[in-house]
Amino acid sequence: MPVSAPAAAGDPFATLPDELRALLRAESVPRRVEPMAAVLVHEPFSEPGWLFERKLDGIRCIALRDGDRVRLRSRNDLPLDGRFPGIAAALATAAAPRCALDGEIVAFDGARTSFERLQSRGGRPARAFLYVFDVLHLAGRDTTALPLRARKRLLRAAVAPGGPIRTTPHRTGDGAALLADACRRGWEGLIAKRPDAPYAHGRSADWRKLKCSAEQELVVGGYTAPRGSRTDLGALLLGYHEGGRLRYAGKVGTGFTRAALRDLAARLGPLRTGASPFADPVREAGATWVEPRLVAQVAFTEWTRDGRLRHPRFLGLRDDTPAAKVVRE
DNA sequence: TTCCGACAGTGGGGTCGCAAT
DNA sequence: ATTGCGACCCCACTATCGGAA
């Protein structure tokens with residue numbers, strides 16, 4: 001039998017000090033794991049002691065191996081094995097015989113991770129990798145009570161990187177400087193982790209998410225109707241000028257307070273017009289069109305390949321920019 | 001008393017599968 | 001064949017409420 005993770009032989013916990021060994025609880029490989037989640041922070045911080053990993057833009061994956069059986073689960077405990085058979089197969093030898101790993105499945109577009117590549121449009125599968133960054137169970141022991149640093153050490157014993165399986169490097173240092181560096185490289189952001197914290201199931205302030213996001217001014221060309229408890233409007237339909245035409249850029253439906261919604265509705269009402277101002281077809285039944293005069297400042301993560309904003313949120317209206325000057329940056 | 005964290009609810013792009021047209 | 005819808009994946013954000021401080 002070809003092998004395999006170093007953990008296959010010997011006691012993987014041999015190097016742990018006694019007080020940490022006392023935290024290990026005996027149990028079988030868990031049936032389901034709720035992955036630990038980070039809290040989003042907007043201000044870069046420089047508190048010492050944190051550990052930083054690249055934020056990978058892919059699909060969260062809990063990988064469970066129990067002997068011959070390997071399972072890949074999504075954040076909501078749905079099976080991912082069928083979508084990523086190569087990763088599952090690789091783990092059958094690369095992972096320790098009984099373990100639970102936490103990681104992210106990603107695909108690359110050049111040097112950057114691309115969520116869209118992962119979404120297998122048209123059936124052509126992208127080459128996918130599993131970046132493991134944590135170990136929750138190993139050799140019959142629940143390791144979640146251990147501090148992150150100890151789990152990182154055990155991770156080296158729990159998985160042997162190679163092929164589609166990779167480990168996630170981490171760094172320590174000044175958070176603000178590391179984030180600036182990450183954004184320069186075109187990364188999505190960073191995950192900051194407290195090295196002395198145990199693994200929590202669900203959201204925890206011991207992990208922080210720092211994002212590199214883009215901003216851009218866009219023209220408001222219409223809006224959708226509110227639903228449920230929403231008041232005034234649902235989302236703004238946005239565009240930018242290109243070659244004398246108004247190109248459609250997608251919608252933004254979050255980021256406004258109730259007061260902002262009321263204000264927007266009041267300002268958009270008088271601009272109402274019968275037809276769409278966009279040069280592109282906008283499939284939006286029941287939209288209200290307006291003359292493209294208002295300019296909104298919008299933050300988002302990136303442009304999708306269809307020319308839409310990804311993860312857009314409304315920041316405010318700009319009265320200082322003429323709508324005619326708004327172009328895609 | 002005030003403040004904070006967790007949750008529900010509303011909004012986004014994209015893909016897939018299925019039912020209705 | 002096309003369209004619409006919901007369920008997934010990835011999310012951001014506001015408003016609310018109960019418990020902590």
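Chain naming here is simple, since letters A, B, ... match the order of the sequence lines and numbering starts at 1 in each. Given the structure is predicted, the values throughout are model-derived calculations rather than measurements.
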If you draw the axis of the six-membered ring of [Y], does the NZ or CZ of [X] fall within 45° of it and under 6.0 Å from the ring centre?
X: A:R171; Y: A:F52; value: no
X: A:R194; Y: A:W207; value: no
X: A:K325; Y: A:Y240; value: no

Would you kindly give the [atom1]-to-[atom2] distance between [X] and [N], to the nearest whole Å?
X: A:L80; N: C:dC9; atom1: CG; atom2: C1'; answer: 9 Å
X: A:I59; N: B:dT15; atom1: CD1; atom2: C1'; answer: 10 Å
X: A:R313; N: C:dC10; atom1: CZ; atom2: C1'; answer: 13 Å
X: A:L236; N: B:dG11; atom1: CG; atom2: P; answer: 12 Å
X: A:N76; N: C:dC8; atom1: CG; atom2: P; answer: 8 Å
X: A:D232; N: C:dA15; atom1: CG; atom2: P; answer: 12 Å
X: A:F115; N: B:dG13; atom1: CZ; atom2: P; answer: 14 Å
X: A:L40; N: B:dC7; atom1: CG; atom2: P; answer: 17 Å

Ignoring backbone atoms, test whether [X] places a side-chain nitrogen or oxygen under 4.0 Å from the OP1 or OP2 oxygen of [N].
X: A:R258; N: C:dT16; result: yes
X: A:R310; N: C:dC10; result: no
X: A:T254; N: B:dG12; result: no
X: A:K55; N: C:dC11; result: yes
X: A:T304; N: B:dG14; result: yes
X: A:R75; N: C:dC10; result: yes

Nearest to the side chain of [X], which nucleotide is it out of [options]?
X: A:L78; options: B:dG9, C:dC8, B:dG13; result: C:dC8
X: A:D306; options: B:dG14, C:dA15, C:dC10; result: B:dG14
X: A:T257; options: B:dG11, B:dG13, C:dA15; result: C:dA15
X: A:R308; options: B:dG11, B:dG13, B:dT15; result: B:dG13

Determine whether the side chains of [X] and [Y] contain a donor N or O and an acceptor N or O closer than 3.5 Å.
X: A:D142; Y: A:T144; result: yes
X: A:D102; Y: A:Y199; result: yes
X: A:E53; Y: A:T168; result: no

Select base, sugar-phosphate, or nothing to describe what A:S74 touches, counting heavy atoms under 4.0 Å on all strands. sugar-phosphate

Have a look at A:F256 and say if it touches a base, only the backbone sugar-phosphate, or nothing, with a 4.0 Å heavy-atom cut-off.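 Sugar-phosphate: the residue A:F256, judged by heavy atoms under 4.0 Å, touches backbone atoms but no base.
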
Does B:dC7 pair with anything, Watson-Crick or G-U wobble, both distances under 3.5 Å, and if so, with which nucleotide?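 Across any shown strand, B:dC7 pairs with none.
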
Could you say whether A:T301 or A:A259 is positioned toward the 5' end of DNA chain C, judged by the nucleotide with the nearest heavy atom to each?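 So the residue in question is A:T301.
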
Can you pull out the residues from residues 196-218 of chain A that lie within a 4.0 Å heavy-atom distance of DNA chain C?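 The stretch gives A:K209, A:K211 as the residues lying under 4.0 Å from the strand, ordered by number.
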
Suppose we call two aromatic rings close when their centres sit under 6.0 Å apart. Are A:Y223 and A:W289 close by that rule?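 No - the distance between ring centres of A:Y223 and A:W289 does not fall below the 6.0 Å cut-off.
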
Under a 4.0 Å N-O cut-off, is there an ion pair linking A:E34 with A:R75? no

